[in-house]
J.: 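Before anything else, here's the structure in question.
Just so we're on the same page: letters track the sequence lines, and every chain starts at 1. Owing to the predicted nature of the structure, the values given are computational and were not obtained by experimental measurement.
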Protein chains: 2
Amino acid sequence: MKFSKATDYALHALVYMIHRDGERTKIPVQDLSLALNVSTTYLSKVLTRIVKANYISSTSGAKGGYRLQQNWENVSVYDIVVAIDGVQTLFEDSFDHGEECRIQAAMMEAQENLISTLKNKRLKDLTV
Amino acid sequence: MKFSKATDYALHALVYMIHRDGERTKIPVQDLSLALNVSTTYLSKVLTRIVKANYISSTSGAKGGYRLQQNWENVSVYDIVVAIDGVQTLFEDSFDHGEECRIQAAMMEAQENLISTLKNKRLKDLTV
DNA sequence: CCAATTATAGATATTATAAATCTATTATAT
DNA sequence: ATATAATAGATTTATAATATCTATAATTGG
């Protein structure tokens with residue numbers, strides 16, 4: 001019952017990017033990799049998912065790198081979690097006790113509270 | 001990012017026991033195993049943890065089995081989760097950004113909301 | 001005491017998933 | 001053309017959850 005390390009890496013990478021955003025410069029994965037002490041290949045693989053989700057952009061080649069999208073301030077922590085881990089169910093009921101299963105319902109409710117907290121946290125909140 | 005199957009099994013076993021509690025009879029793992037379609041050995045291993053946590057009692061030997069403790073109505077879903085999975089942190093920050101790390105803080109807050117929801121759900125609520 | 005029943009413990013095996021690496025490929029700037 | 005940088009796919013490694021197996025201890029009833 002854990003968030004993935006990949007999500008951790010992604011969030012820290014994003015915070016780093018935000019702090020350097022004044023420069024409006026593309027940041028190569030090498031920089032991020034150095035800052036976070038995570039291998040370039042793996043971090044790149046992680047960030048590619050954030051690119052796919054359109055929260056950052058990427059450009060290949062010399063002077064390329066990753067850059068925040070304009071709308072980054074509206075991106076929530078939950079958005080990043082989903083971009084990395086996909087939509088997860090915290091609880092997979094092994095038994096088919098149908099819709100009215102109270103155990104399922106209780107877990108769902110807890111999960112909803114977890115998610116809504118993360119939806120209300122924006123990347124901006126992590127950096128101000 | 002999931003609760004364990006073991007927790008699922010434990011909760012369903014407990015609900016089953018509660019439904020049969022009128023009899024005040026010891027329920028052998030064999031019965032539970034049949035009801036849930038989980039192997040006796042594994043289920044037993046799971047339930048032993050609930051015994052250790054003192055939410056049910058067990059007696060070995062013929063006519064033995066598991067029985068709810070008197071205080072079962074006050075046991076929360078979170079109590080069971082902890083009895084099975086231990087106290088978990090939903091998020092393990094790989095970086096030591098100290099106490100004031102906002103990412104860590106955001107995840108913690110979300111986790112707290114998850115936990116408090118489960119603390120407020122009692123086994124009783126799963127069965128009434 | 002004996003036989004049957006039942007929980008527990010410890011070791012081990014199995015499976016699943018996350019984490020990470022490696023190699024090759026594609027794109028871009030100079 | 002060359003150096004730089006992201007991406008993709010295959011593969012490996014690590015870790016944890018799930019499950020089984022075997023042996024042991026406790027209890028009941030004859």
J.: Take the protein atom NZ of A:Lys63 and the nucleotide atom C1' of C:dA29, then report the distance between them rounded to whole Å.
T.: 8 Å

J.: Of the candidate nucleotides C:dA19, D:dT18, C:dT6, which contains the atom at the shortest distance from the side chain of B:Lys5?
T.: D:dT18

J.: Return no unless some side-chain N or O of A:Ser39 is found under 4.0 Å from OP1 or OP2 of C:dT21.
T.: yes

J.: Report yes if at least one side-chain N or O of A:Lys52 is closer than 4.0 Å to OP1 or OP2 of D:dA8; otherwise report no.
T.: yes

J.: Quick one: CG on B:Leu11 to CZ on A:Phe91, what's the gap to the nearest 0.5 Å?
T.: 6.0 Å

J.: For B:Thr40, report the nucleic acid contact type (base, sugar-phosphate, nothing); a contact means any heavy atom under 4.0 Å.
T.: nothing

J.: Looking for any heavy atom pair under 4.0 Å, which part of the strands does A:Val38 touch: base, sugar-phosphate only, or nothing?
T.: nothing

J.: Is there a donor-acceptor contact under 3.5 Å linking the side chains of B:Asp85 and B:Thr7?
T.: yes

J.: Which nucleotide, C:dA29, C:dT8, C:dA9, lies nearest any side-chain atom of B:Ser58?
T.: C:dT8

J.: To the nearest angstrom, how far is A:Ile84 atom CD1 from C:dA20 atom P?
T.: 13 Å

J.: Using whole Å, report how far OH of A:Tyr42 lies from P of D:dA6.
T.: 17 Å

J.: What integer distance in Å separates B:Tyr66:OH from D:dA26:P?
T.: 15 Å

J.: Which sits closer to the 5' end of DNA chain D, A:Ala62 or A:Val51, going by the nucleotide each is nearest to?
T.: A:Ala62

J.: Check the distance between D:dA16's C1' and B:Lys45's NZ and give it to me in whole angstrom.
T.: 15 Å

J.: Contact class for B:Lys26 vs. all strands (heavy atom < 4.0 Å): base, sugar-phosphate, or nothing?
T.: nothing

J.: Can you tell me how far the NZ atom of A:Lys121 sits from the CD atom of B:Glu109, to the nearest 0.5 Å?
T.: 4.0 Å

J.: Toward the 5' end of DNA chain D, which comes first, B:Gly64 or A:Gly61, by nearest nucleotide?
T.: A:Gly61

J.: Under the criterion side-chain contact (heavy atoms from CB on, under 4.5 Å), I'd like the reasoning laid out for B:Phe3 against B:Asp8: C-alpha separation, chi angles, the key distance, then a yes or no.
T.: CA-CA 8 Å; B:Phe3 287 102; B:Asp8 192 24; over 6 Å; no

J.: According to a strict under-4.0 Å criterion, is A:Thr48 in side-chain N/O contact with OP1 or OP2 of D:dA6?
T.: no

J.: Which nucleotide in the set C:dA29, D:dT18, C:dT6 lies at the smallest distance from any side-chain heavy atom of B:Pro28?
T.: C:dT6

J.: Whole angstroms only, please: what is the CG-C1' distance between A:Leu47 and D:dT7?
T.: 12 Å

J.: How long is the line joining NZ of A:Lys2 and C1' of D:dT15, in whole Å?
T.: 12 Å

J.: Regarding B:Ser44, tell me which of base, sugar-phosphate or nothing describes its non-hydrogen contacts under 4.0 Å with the strands shown.
T.: base

J.: Quick check: on DNA chain C, is the nucleotide nearest A:Thr59 upstream (toward 5') of the one nearest A:Tyr9, or the reverse? Name the residue that is more 5'.
T.: A:Tyr9

J.: In whole Å, what is the span from the CG atom of B:Leu43 to the P atom of C:dA7?
T.: 10 Å

J.: When you group the ILVMFWY residues by side-chain heavy-atom contacts below 4.5 Å and let the links chain together, are A:Met108 and B:Val77 in the same group?
T.: no

J.: Could you tell me whether A:Asp31 and A:Arg20 make a salt bridge, using a distance below 4.0 angstrom between a side-chain N and a carboxylate O?
T.: yes

